[in-house]
Protein chains: 2
Amino acid sequence: MIGPSLVRSLHHKKYRDREGLFLVQGRKLVEELLASGWPVRGMMATEEAVAGLEVAGLPLQVLPAAELKRLGTLVTGNELVAVVERPDEAPGGAPVAGELVLALDGVSDPGNMGTLLRIADWFGVRRVVCGAGCVEVWNPKCVQATMGSLFRVRVEQASLPGLLQEWSTAGTMVYLADMSGTPVHQLALRRPAVLVMGSESHGLSAEVRSVPGTRVSVPGRGGAESLNVAMAASALCMEFLRQTEAG
Amino acid sequence: MIGPSLVRSLHHKKYRDREGLFLVQGRKLVEELLASGWPVRGMMATEEAVAGLEVAGLPLQVLPAAELKRLGTLVTGNELVAVVERPDEAPGGAPVAGELVLALDGVSDPGNMGTLLRIADWFGVRRVVCGAGCVEVWNPKCVQATMGSLFRVRVEQASLPGLLQEWSTAGTMVYLADMSGTPVHQLALRRPAVLVMGSESHGLSAEVRSVPGTRVSVPGRGGAESLNVAMAASALCMEFLRQTEAG
């Protein structure tokens with residue numbers, strides 16, 4: 001039985017790390033969770049919220065709405081809160097033939113991080129590697145922003161400069177998203193590849209910038225100084241997919 | 001002289017509409033405002049905040065930080081608040097040769113609306129037409145999210161079904177973003193064109209859906225059910241730009 005103090009402690013990174021657990025909240029996300037088969041340590045819900053969900057065999061506690069409101073982090077949607085085991089994936093090997101991996105360098109905003117996982121999932125990118133300065137994906141705001149893509153994309157933690165160097169030596173194409181790079185549609189994109197996106201405010205870190213690779217930009221011709229990291233990722237992944245399907 | 005009660009009233013749509021004014025807040029946005037040449041009715045700032053800005057000839061009031069904090073809507077960045085005249089553009093004519101116009105149908109989230117203007121600006125789209133159900137672009141959250149692109153993109157209000165029908169008859173290609181449409185890279189995109197994006201939750205409205213046009217989707221191959229409207233717009237605009245530059 002999961003106690004309320006454990007659930008509330010999981011609002012904070014320190015306890016998520018200590019317990020290896022995180023929260024999944026709200027109907028939409030819990031439906032995605034149940035479809036994923038990820039191990040659920042506990043689920044708390046109002047009687048109404050749980051109606052129609054496949055919860056047979058799950059450690060379910062039915063609670064009054066007022067009590068659930070105090071357990072979750074959401075403004076609305078707290079009528080369903082699940083405590084879930086984190087996979088905490090170790091870094092995998094270099095991308096396999098034909099694979100595209102997304103690597104994130106210093107993406108600190110949980111909304112952007114969640115949206116990036118959703119973009120990866122949409123475009124068929126199966127692995128996202130988070131480097132230094134990235135917000136943890138188990139942050140409740142990030143979990144919500146993924147809209148469930150978190151359960152379908154493998155998220156790994158790694159120190160990017162060493163990893164990218166190693167992958168490059170092993171034959172992986174390294175593409176560094178950079179405002180001053182070559183417009184993506186002017187490149188013949190090759191796979192296996194890793195596409196590295198930098199932070200919202202500072203772009204790529206100096207350490208990642210020093211890794212040998214191809215600098216790639218999103219073509220633009222207007223007056224905006226920059227695109228948000230998620231907008232840029234969407235445009236770049238779209239072009240990777242297009243060239244793969246065309247090739 | 002602009003009084004504090006007028007400034008505070010502009011937090012609300014009703015008074016923005018009545019006065020034909022809106023707020024521009026924070027250093028970054030005010031810099032963009034000054035570069036734009038848009039008519040400034042009043043500017044309130046702390047002495048520190050105004051340092052280094054080109055404010056000669058502007059109706060500037062230097063105020064203490066505590067007073068400014070009560071005037072603005074931001075959590076931080078209220079040390080600079082400008083009151084600006086809205087252009088309130090009438091609907092323009094059909095797109096000219098080679099032009100791409102973005103039309104928005106029911107985009108109600110101010111953050112998404114602002115990001116869409118930023119995307120338009122990035123990809124060189126000079127006009128955005130807002131149809132029924134769109135949040136007003138003068139909403140402070142939207143203004144912030146544009147990062148200044150609001151000053152470079154012409155925003156028009158129109159009833160989309162009639163407008164699109166008229167433009168189509170006049171020879172404009174109408175592209176309707178729709179999950180079930182043809183993947184964009186499989187189409188030979190033609191201009192002049194209007195790209196119509198629907199609401200975050202409901203897609204295109206029935207009225208807009210009934211307009212004759214080409215349904216276009218963002219290719220995907222993962223498990224995500226949908227892309228956020230801004231992500232989709234970024235990917236689609238990227239492909240319009242690519243095909244134009246390649247063609």
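We use all heavy atoms of the structure for the numbers below, so side chains are in, but hydrogens, waters and symmetry mates are not. Lettering of chains follows the sequences in order, A, B, ..., and the numbering in each one begins at 1.
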Peer 1: Heavy-atom pairs under 4.5 Å with chain A - which of B/Ala233, B/Gly220, B/Gly223, B/Pro183 has more of them than the others?
Peer 2: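 Between B/Ala233, B/Gly220, B/Gly223, B/Pro183, the count favours B/Gly223.
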
Peer 1: If you count heavy-atom pairs under 4.5 Å between each of B/Arg126, B/Gln186, B/Glu225, B/His185 and chain A, which one has the most?
Peer 2: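 With the most close heavy-atom pairs to chain A, the winner is B/His185.
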
Peer 1: If you draw a 6.0 Å radius around NZ in A/Lys141, do more than 12 non-hydrogen atoms from other residues or ligands fall strictly inside?
Peer 2: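 For A/Lys141, atom NZ is not crowded (no more than 12 foreign heavy atoms under 6.0 Å).
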
Peer 1: Looking at B/Ser234, B/Ala120, B/Ala232, B/Cys237, which has the largest count of heavy-atom pairs under 4.5 Å with chain A?
Peer 2: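 Of B/Ser234, B/Ala120, B/Ala232, B/Cys237, B/Ser234 has the most heavy-atom pairs under 4.5 Å with chain A.
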
Peer 1: Name the region of A/Thr115, side chain, backbone, both or neither, that has any atom closer than 4.5 Å to a heavy atom of chain B.
Peer 2: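 Contact with chain B is through the side chain of A/Thr115 alone.
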
Peer 1: Does A/His11, at its NE2 atom, have more than 12 non-hydrogen atoms belonging to other residues, nucleotides or ligands within less than 6.0 Å?
Peer 2: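 Yes, because the 6.0 Å sphere around NE2 of A/His11 holds more than 12 heavy atoms from other groups.
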
Peer 1: Under 4.5 Å heavy-atom distance to chain B, tell me which part of A/Arg152 shows up: side chain, backbone, both or neither.
Peer 2: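 It is the side chain, since no backbone atom gets that close.
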
Peer 1: Quick one: does any side-chain atom of B/Trp122 pair with a main-chain N or O of A/Pro219 as donor and acceptor, under 3.5 Å?
Peer 2: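 Indeed, once roles are kept as given, a pair shorter than 3.5 Å links the two residues.
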
Peer 1: Taking side chain as everything from C-beta outward and backbone as N, CA, C, O, which of these in A/Glu239 sits under 4.5 Å from a heavy atom of chain B? Side chain, backbone, both or neither.
Peer 2: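 A/Glu239 touches chain B through side-chain heavy atoms alone.
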
Peer 1: Using non-hydrogen atoms only, which part of A/Leu227 is less than 4.5 Å away from chain B: side chain, backbone, both, or neither?
Peer 2: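 The answer is both parts of A/Leu227.
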
Peer 1: Counting only heavy atoms from other residues, nucleotides and ligands, does the tally under 6.0 Å from CZ of B/Arg190 exceed 12?
Peer 2: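 No, the 6.0 Å shell around CZ holds no more than 12 heavy atoms from other groups.
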
Peer 1: Identify the heavy atoms of A/Asn228 and B/Arg118 that sit nearest to each other, and give their distance.
Peer 2: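 Smallest interatomic distance, heavy atoms only, reads N-NH2, 3.3 Å.
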
Peer 1: Among B/Val218, B/Thr146, B/Val125, who wins on heavy-atom pairs under 4.5 Å with chain A?
Peer 2: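 Of the options given, most contacts go to B/Val218.
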
Peer 1: Can you say whether A/Val153 sits under 4.5 Å from chain B via the side chain, the backbone, both, or neither, judging by heavy atoms?
Peer 2: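 It is neither, since no heavy atom gets under 4.5 Å.
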
Peer 1: Can you tell me how far the CZ atom of A/Arg242 sits from the CZ atom of B/Arg242, to the nearest 0.5 Å?
Peer 2: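 Answer for the CZ-CZ pair, A/Arg242 versus B/Arg242, is 3.0 Å.
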
Peer 1: If we define contacts as heavy-atom pairs under 4.5 Å, which of A/Gly124, A/Ala230, A/Ala224, A/Gly148 has the most with chain B?
Peer 2: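 Looking at each of A/Gly124, A/Ala230, A/Ala224, A/Gly148 in turn, A/Ala224 comes out on top.
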
